[in-house]
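So you know, we letter chains A, B, ... as the sequences are listed, proteins then strands, and number each from 1. From a predicted model like this one, the values you see are computed outputs, not experimental measurements.
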Protein chains: 6
Amino acid sequence: MRPSGRRPDQLRPVTITRQFSKYAEGSVLVSFGDTRVICTASVDERVPGFKRGSGSGWVTAEYGMLPRATHTRNQREAANGRQGGRTLEIQRLIGRALRAVVDLSALGERTITLDCDVIQADGGTRTAAITGAYVALVDAVASLRKRRAITRDPIHGAVAAVSVGIFAGQTVLDLDYAEDSTAETDMNLVINDAGAFVEIQGTAEGHAFRAEELAQLIALGQQGVAELIALQRAALAG
Amino acid sequence: MRPSGRRPDQLRPVTITRQFSKYAEGSVLVSFGDTRVICTASVDERVPGFKRGSGSGWVTAEYGMLPRATHTRNQREAANGRQGGRTLEIQRLIGRALRAVVDLSALGERTITLDCDVIQADGGTRTAAITGAYVALVDAVASLRKRRAITRDPIHGAVAAVSVGIFAGQTVLDLDYAEDSTAETDMNLVINDAGAFVEIQGTAEGHAFRAEELAQLIALGQQGVAELIALQRAALAG
Amino acid sequence: MRPSGRRPDQLRPVTITRQFSKYAEGSVLVSFGDTRVICTASVDERVPGFKRGSGSGWVTAEYGMLPRATHTRNQREAANGRQGGRTLEIQRLIGRALRAVVDLSALGERTITLDCDVIQADGGTRTAAITGAYVALVDAVASLRKRRAITRDPIHGAVAAVSVGIFAGQTVLDLDYAEDSTAETDMNLVINDAGAFVEIQGTAEGHAFRAEELAQLIALGQQGVAELIALQRAALAG
Amino acid sequence: MRPSGRRPDQLRPVTITRQFSKYAEGSVLVSFGDTRVICTASVDERVPGFKRGSGSGWVTAEYGMLPRATHTRNQREAANGRQGGRTLEIQRLIGRALRAVVDLSALGERTITLDCDVIQADGGTRTAAITGAYVALVDAVASLRKRRAITRDPIHGAVAAVSVGIFAGQTVLDLDYAEDSTAETDMNLVINDAGAFVEIQGTAEGHAFRAEELAQLIALGQQGVAELIALQRAALAG
Amino acid sequence: MRPSGRRPDQLRPVTITRQFSKYAEGSVLVSFGDTRVICTASVDERVPGFKRGSGSGWVTAEYGMLPRATHTRNQREAANGRQGGRTLEIQRLIGRALRAVVDLSALGERTITLDCDVIQADGGTRTAAITGAYVALVDAVASLRKRRAITRDPIHGAVAAVSVGIFAGQTVLDLDYAEDSTAETDMNLVINDAGAFVEIQGTAEGHAFRAEELAQLIALGQQGVAELIALQRAALAG
Amino acid sequence: MRPSGRRPDQLRPVTITRQFSKYAEGSVLVSFGDTRVICTASVDERVPGFKRGSGSGWVTAEYGMLPRATHTRNQREAANGRQGGRTLEIQRLIGRALRAVVDLSALGERTITLDCDVIQADGGTRTAAITGAYVALVDAVASLRKRRAITRDPIHGAVAAVSVGIFAGQTVLDLDYAEDSTAETDMNLVINDAGAFVEIQGTAEGHAFRAEELAQLIALGQQGVAELIALQRAALAG
């Protein structure tokens, strides 16, 4: 029995609110249950040094969490003077996930930065961030097309992410904090709209997982992402 | 004529939403027009070194802004590795403002940290932050009283803040970004419920202001804060 | 009765020594009683990025304090690896104060940096710094005119600063440390030679101050700055 | 055809040299082909704050690379003043991998730090590091048992790591730099001596990978790690 | 011919002013010609971690330079966020030099910090700093004896420092900036009142120096330090 | 009697292994007894700002030590976020020593960086680093000549370094850690193939040393460096 009463293969209620803030080219508030993340996509007409003069663009991400997004207050990273290893790891993951569906040369020599800021955390912040950031990215690209800055659509597919894990001996989808903090195994899957894998990151917190458990987790994740991609489509159609 | 069509002495629509997030002892979303700030109050049963063993508590504040809270994206301070001078200045101001209405010895040897995170900025972020943080602080203190951690109420009055300035030759209340960015003079006033001044910070961006202009600005601010304190009371009664 | 035996409206002995060091374009040792600050003005033929190509210049300030400028030794900010919030706040204030009397376009595309280093602190370091830095700035500009780097005088007025406060229930001028550390209210006023306000920063340390107290403080500050500007003139004429 | 002429399922020549340096409790030079990593295990009789008083120990890892371990010189992280995201990510991975085979309570309240320093990099530095660090850890634990600091063996199994990927359309084992830099998919697998998964991290650099490709990669990794664990055993028996 | 017209073995005019600032236990303004350094000695009743519980004290030094102490403005180290290599090297040298004449156990478990801040630099700042810091240290120790915090005198000798070098083919004493910047060889000598060497640091900027040149430089330095120690004595007797 | 049983004027066994790693233009593993340092020379076709447009090149050095190169583990400087004073001091010394034998204008506008990384430390790491780095530098320059990037040989002599000291009342050559940690005096000498001094750095840890002791130390160092330069030649001829 899951703490939330959900079925093993059941996502939390997911909402995707576009145009959440008024300045960004793309701005989304995404919630996976009590996990809430503001995802904004900002267009900058410059590129980092390693792309300069290439004619090709860049997509990158930054991740942050408000100090009291969690049960107890965490120190503010800006006050600490450095981003922690977990933050860097997550923002690198988000960036790779989004670049997997973007044709950087069609983007032209500009950068889109996805800022994913967690305002409330209840497990799965990185998967919510990827899922919401994709929608913000689509909106930002649409704004570029609208002002005719680009002609070809650089986005060639959809991408979303979900966590799966083994909780109390059972494979479950979209773990919340109560599950995540005691799960034996925790895996984050980034999957595209063709059901293929962009990223897979699994960690055995307790006992190591066997190949057949891995297969079950993967199948569960594919189902979950398919539902999330349908929700992204619905939000973008809205 | 003000860009927003407001009268010179008119505040923007102000909303104060309590219990905005589920973990913090006090949590408020405050908006002054399009300026939106999440203010959370976190209780920690420790105090900084200079208060240890004193029997007395501490109230402090931290301020941040999401990178795309403004027209163009700002660099994330955590990524820069340091908080900017403006950030430090504002969070010191918020801390002083709130401490002005708290009896630290009645608080006991614990710290309340007010995190003020701007999710959308349209001028007046520091005044909105102070106004909202006061409500979050009251809620956090109430939670302490509820669990009988303190017996006396450490809060001895209300405090709110508003900006005033000279825009297009006229003294105006609660400047938005369109006004603020071109104002000749900009002043932030922190005033208590007795109409007395806790903090006054005025800067002549254009021409220096004369003593009679100063008097007008101050009177305007007193009126604005009186309205804000009434809104705080209504929110707390809600 | 003031600890120093001064009348409420009496400044400390003020000295302004020009050509204090031999390299800087402008170099002043200013003392307000036992507070001593070295103010140097350095001309650099470059401007910060946001001014590049504008044809217009920049005036900025940096503030520091020797570790043992005070009763007990403070940690050296360079060793700490960061300037504290108080330092950043003060140097931003000094920069704004000086820019208020400079026509940046007449300065041409160059930067004048005012370094204000406190070698002994007895209250009022920021007001002494502004008062001395103005004289160093005038000398640096004179050196530019002398070598015909500029044709128009970019300085259009004088500026000085003084603190006022409520000590032992009485409004007093130019607080020393003994007063400052126990004052109920402390205000720094930056005022120009027309008696108009460039900056006003007041903080109620103890009880909040009423509008009539504010008016008295302001009048006292205007008188004090008028005396300081006369002393600046005398020094520059010397 | 692989650039090195290896069969798809063939590891590079692997060597594991123990007692590489004279001070550390465990010290190993591991090479996977031209990738060479010094792994040292240092015992410290203290634990980090979150373990203090728990009676239980900690195992952690740090990763570094000499500036010219690669084709072109990288900036020294110590000179940069911060460890990069890739470094933090790898050292977190190494720490989790090793903790998966350690009973921290049997270790007692002490820390073992695994320093993995790459002196030459030709792909697979993190998998070589994990494989070598395990041997250094076993030696460090043996030194604790020898001096009777612990009574129970805290190590409950072996762990090693290998990379797998899709290169030129084919699944291959243990990618070198020539393969890694052009691979479409790259996966690092940390597997224990029971063939179960401790960590799986896969990234599609080019096209996303399908479920059946994933299954092949996993099987290849299991075979490779089984060989590596045999090599660890041989080294420890030597 | 030396640029200053001095004889090869002639020091610049040296002044040592005690009680330069009013707070420090020892405070000296030392000048070697146009090089001026404020040296203060601060007593702290704590010791660094490696001395705690030892019954023995510590003497350490910090070095700084005002940004415009030199011909062109240097960046402020506090603003840079780090002390440069030159600064660290000099302050380590000053600390070692002073500890050479202090019996740390007679000092008791307290720290004396020597802050050497250069307000004007014309060559030889580190030698002036050591020479002045010794006098400040003696004054600080005297204040400890006066308040009977220590019974035995921890200072067992005098120490001073001077630079020597080869300028225009000739060995010269106490180089000023004009000489130092073009000298072929530059050496700093820290010597005690018995004429023995505490520290010798020589660098060939141009051609490497021969053993006989070295002998001449050393003899010149011994003579110069003997004069400086006489000046220290005179200042302390004053 | 020396702890190692060596004669007072006897070097430790010295080995110089070229082509230690496969990427760097010059790469040497040098050992002085149990002290082992990897020295690599990397050529970069850019120069630092102060050399840009000069037509002349630059030679610089960086120094590091693996955390467990010593008896107890030191904190990793990259994790600390700063290089310590000792590290900066040593790398500045190595850079100066090597530049003393290079004609920077013959090098052309490019930089050679010497990375000296200590993998095992038993005293004399800086002298081993200089001695090995010279060989790596020669190899890197040879690679430039081979690809005809330069025509004139920029290296005009050889340089090596050794430590000397007073241990148990006797002057000894090439101190190991057992001697170094208890020596009364410690001196590092950088000497060229003409027997002339490039750098001399001596510190009295215990009693100050007299002029005649200094003369003995210097003679001993000259003899030791002569042997080291012969070993460099043999290695380069190999």
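- Most heavy-atom pairs under 4.5 Å with chain A: of the set D:A204, D:G85, D:G157, D:G202, this distinction falls to D:G202.
- Within the 4.5 Å cutoff, side-chain heavy atoms of A:E89 are placed close to those of D:R92.
- Note: D:I191 CD1 to A:F209 CZ = 9.0 Å, rounded to the nearest 0.5 Å.
- Contacts with chain A were tallied for D:L88, D:N188, D:T87, D:I200; D:I200 has the most, counting heavy-atom pairs under 4.5 Å.
- When each of D:L93, D:V190, D:V198 is scored by its heavy-atom pairs under 4.5 Å with chain A, the top score falls to D:V198.
- For D:R86, the parts lying under 4.5 angstrom from a heavy atom of chain A are both the backbone and the side chain.
- Heavy atoms closer than 4.5 Å to chain D are found in both the backbone and the side chain of A:A211.
- For CD of D:E212, the number of neighbouring non-hydrogen atoms (other residues, nucleotides, ligands) closer than 6.0 Å is greater than 12.
- With chain D as partner, the option from A:A215, A:A208, A:G195, A:A100 having the largest number of non-hydrogen pairs under 4.5 angstrom is A:A208.
- When heavy atoms are compared at a cutoff of 4.5 Å, D:L214 approaches chain A solely by way of its side chain, counted from C-beta outward.
- Ranked by non-hydrogen atom pairs under 4.5 Å with chain D, the options A:R96, A:Q91, A:R210, A:Q83 are led by A:R96.
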